Amino acid sequence: MAGHAVFPAGAAVWRSLACTRSQLRLDLTLGCGQTFRWRETADGHWTGVMGGRVWTLTQTDKTLWYCVYNKQDRPKEECSEEQKPTASRQERCGVNVKEEESSVAVTSSQDIKEEELLRDYFQLSVDLEDLYRKWGSADPHLKRIAGIFTGIRMLRQDPTECLFSFICTSNNHISRIQGMIERLCQSLGTPLCQLDETSYYDFPSLAALADSNIEAHLRDLGFGYRARFLQQSARQLLENHGPQWLQSLRMTPYPQARNALRSLPGVGTKVADCVCLMALDKADAVPVDTHVWQIAKRDYQCAAGGSQKSLTDKVHQDIGNFFRQLWGPYAGWAHSVLFCADLKKFQKLKEIPSLKVEGVKEGKIATKRAKIKTEEKTLMKGKELKSLSHRRAKMSIKSEETV
């Protein structure tokens with residue numbers, strides 16, 4: 001059985017891209033709820049499925065490191081001795097593989113397609129530092145937050161996976177959604193490989209999701225009412241639009257793409273905006289839920305829907321327009337920074353800068369106190385010397401008078 005690669009062990013298995021943490025932070029980008037397929041499998045190492053392959057990603061200050069696991073094309077018993085992974089190669093790769101059990105090979109070939117896939121997934125052609133500067137100039141509140149929550153990028157996900165994942169987010173939270181997506185892939189997806197007793201699967205096809213028996217099966221897996229939406233949306237996509245329709249929406253203007261998505265069962269305005277932003281290249285899409293609504297009211301005194309008790313399409317549109325006017329064409333990316341900063345799981349990050357500031361203040365105060373004490377000692381010493389000199393002068397005068 002193969003194991004998850006760990007950096008820097010087995011350097012031959014790792015490939016790299018120049019990428020600073022200010023351009024990408026894996027923990028924030030992969031853990032903020034825009035994708036549900038990645039897990040932290042070792043400290044600072046994230047393993048997940050993307051592009052039909054299993055990847056492990058990690059990073060150093062200026063470099064993004066990645067390892068791609070590749071299922072062998074033929075069963076192990078059909079491989080020649082030369083094709084079987086040897087123990088020495090396994091040791092070099094840092095992967096714990098027993099030769100007789102291995103059906104997974106770790107690729108280290110310089111395949112440019114893998115690099116292009118990774119660059120596309122993280123949209124590395126977008127200069128995130130420049131965006132942060134522009135947002136900070138327009139929005140002092142975001143500027144303060146951005147100093148802590150750097151490197152949050154929007155992923156460019158597969159539209160089918162993104163759509164059906166976000167249909168599962170209704171009345172749900174991140175950890176539960178992750179479990180649902182994992183069960184969905186295990187049940188209906190194609191097996192990819194197994195690492196340290198964890199099996200990885202590709203996301204199910206539209207045909208698999210559209211099967212008439214899927215709703216009952218998904219209910220058994222704990223999907224509840226969402227099971228019907230998944231099956232009906234998949235069937236509608238295949239029967240009314242075709243398998244490439246979602247992909248084609250990348251070329252459709254944002255308002256039309258959002259309205260088209262809303263025609264699918266289980267897809268409201270918020271889910272449609274998530275798919276537009278995270279899979280369909282609509283960087284100005286701003287998904288609004290009650291959480292974002294509270295941020296708008298609390299931190300920006302945005303009056304949109306002030307008298308409303310629930311989100312309406314008008315409130316959603318007004319809040320989206322408010323942030324688009326404030327942040328510009330990449331408003332959806334900026335929104336993700338605020339959303340991430342408000343998640344409970346990341347609140348400890350806010351404590352670190354404050355501790356540093358307090359430490360600096362305490363250090364300055366201590367330095368100032370020490371300086372004052374030194375000055376006081378010097379002053380007292382000066383006074384003592386002056387006083388001693390004065391007494392000596394008096395004694396000298398008295399002596400002269402006595403003589």
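Treat the numbers as computed from the prediction; the structure is a model and nothing was measured. Along the sequence shown, residues carry numbers from 1.
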Using atom types as modelled and distance alone, determine if a side-chain donor or acceptor of Arg250 lies under 3.5 Å from a backbone N or O of Ala279.
-> yes
Between Ala334 and Leu142, the two heavy atoms sitting closest are CB-CD2, 4.0 Å
Rounded distance [0.5 Å steps], SG in Cys276 versus CG in Leu249 | 7.5 Å
Within 6.0 Å of NZ in Lys297, more than 12 heavy atoms from elsewhere | yes
Do Arg53 and Glu114 sit within salt-bridge range, that is, some charged N less than 4.0 Å from a carboxylate O?
-> yes
Inter- and intrachain pairs under side-chain hydrogen bond (donor to acceptor under 3.5 Å, both in side chains), touching residues 277-288, at least two apart | Arg156-Asp281
Exercise: identify the closest heavy-atom pair between Leu246 and Pro159 = CB-CB, 3.9 Å
Quick one: are Trp293 and Leu311 in side-chain contact, heavy atoms under 4.5 Å?
-> yes
Residues two or more places apart in sequence or in another chain: which of them pass salt bridge (charged side-chain N to carboxylate O under 4.0 Å, His left out) with Asp139?
-> none
Between Leu206 and Phe164, which heavy-atom pair has the shortest distance, and what is it?
-> CD2-CE1, 3.5 Å
Flag the pair Trp65 / Val13 as yes when at least one side-chain heavy-atom distance between them is below 4.5 Å, and no otherwise.
-> no
Between His4 and the options Thr56, Asp196, Thr41, the side-chain hydrogen bond (donor to acceptor under 3.5 Å, both in side chains) test singles out Asp196
If we only count heavy atoms from C-beta on, is the Tyr132 to Ile152 side-chain gap below 4.5 Å?
-> yes
With a 3.5 Å cut-off and no angle check, do the side chains of Ser170 and Tyr225 form a donor-acceptor pair?
-> yes
Starting from the C-alpha separation in whole Å, work towards a yes-or-no answer on side chain to side chain contact (heavy atoms under 4.5 Å, CB included) for Met180 and Asn172.
-> CA-CA 10 Å; Met180 293 171 68; Asn172 222 336; 3.1 Å; yes
For residues Gly31 and Lys345, report the shortest heavy-atom separation together with the two atoms involved.
-> O-NZ, 2.9 Å
Heavy-atom pair with the smallest gap, counting every atom of Arg183 and Leu221 | NE-O, 2.9 Å
Could you give the distance from OH (Tyr201) to CG (Leu192), rounded to the nearest 0.5 Å?
-> 9.5 Å
Under 3.5 Å donor-acceptor, Ser233 side chain and Pro265 backbone | yes
May I ask you to test the Ser263-Gln236 pair for a side-chain heavy-atom distance under 4.5 Å?
-> yes
Verify the neighbour count for atom OH of Tyr330: are there more than 12 heavy atoms of other residues, nucleotides or ligands below 6.0 Å?
-> no
Pairwise side-chain contact, Thr29 with Gln34, heavy-atom cut-off 4.5 Å (strictly under) | yes
Would you check, one step at a time, whether the test side chain to side chain contact (heavy atoms under 4.5 Å, CB included) holds for Glu40 with Asp43?
-> CA-CA 7 Å; Glu40 192 172 17; Asp43 187 25; 4.1 Å; yes
For Phe339, what residues pass the ring-ring contact (aromatic ring centres under 6.0 Å, His included) criterion, not counting sequence neighbours?
-> His291
Side chain to side chain contact (heavy atoms under 4.5 Å, CB included) between Thr35 and Met278, intermediate numbers included = CA-CA 9 Å; Thr35 178; Met278 303 169 193; over 6 Å; no
Sequence neighbours left out, what passes side chain to side chain contact (heavy atoms under 4.5 Å, CB included) with Thr269? Give chain and number order.
-> Arg258, Arg262, Asp273, Asp313, His316
Less than 4.5 Å apart, any side-chain heavy atom of Phe229 and any of Leu264?
-> no
Roughly how far apart are Thr312 OG1 and Gln317 CD, rounded to 0.5 Å?
-> 10.5 Å
Name the orientation class of the two ring planes belonging to Trp327 and Phe323 (parallel below 30°, tilted from 30 to 60°, perpendicular beyond 60°).
-> parallel
Test item: side-chain donor near acceptor, Trp38 and Thr47, under 3.5 Å = no
With a 4.5 Å heavy-atom cut-off, do Glu115 and Leu17 have their side chains touching?
-> yes
Between Asp342 and Arg298, is there a salt bridge with N-O shorter than 4.0 Å?
-> yes
Residues Lys344 and Gln347: side-chain donor-acceptor under 3.5 angstrom | no
Separation between CD (Glu161) and CE (Met50), nearest 0.5 Å, reads 10.5 Å
Applying ring-ring contact (aromatic ring centres under 6.0 Å, His included) to Phe166 and not counting sequence neighbours gives Phe36
Return the minimal non-hydrogen interatomic distance between Leu195 and Gly3, and the atom names on each side.
-> CD2-O, 4.0 Å
Residues at least two apart in sequence or cross-chain that pass ring-ring contact (aromatic ring centres under 6.0 Å, His included) with Trp55, listed by chain then number, are Tyr66
Step by step, work out the side chain to side chain contact (heavy atoms under 4.5 Å, CB included) result for Ile181 and Arg37.
-> CA-CA 8 Å; Ile181 300 303; Arg37 302 299 309 279; 3.6 Å; yes
Approximate separation, where rounding is to 0.5 Å, of Leu237 CG and Trp245 CH2 = 6.0 Å
Out of curiosity, Gln59 CD to Cys19 SG, how far, rounded to the nearest 0.5 Å?
-> 7.0 Å
Beyond-backbone contact of Phe223 with Leu184, side-chain heavy atoms, under 4.5 angstrom | yes
When you check the side-chain N and O atoms of Gln23 and Arg153, is any donor under 3.5 Å from an acceptor?
-> yes
For the side chain of Glu215 and the backbone of Arg219, is there at least one donor-acceptor N/O pair under 3.5 Å apart?
-> no
How far apart are the C-alpha atoms of Tyr300 and His141, what are their side-chain angles, what is the distance that settles it, and do they pass the ring pair (Phe, Tyr, Trp, His ring centres under 6.0 Å) test?
-> CA-CA 8 Å; Tyr300 292 89; His141 174 68; 5.3 Å; yes
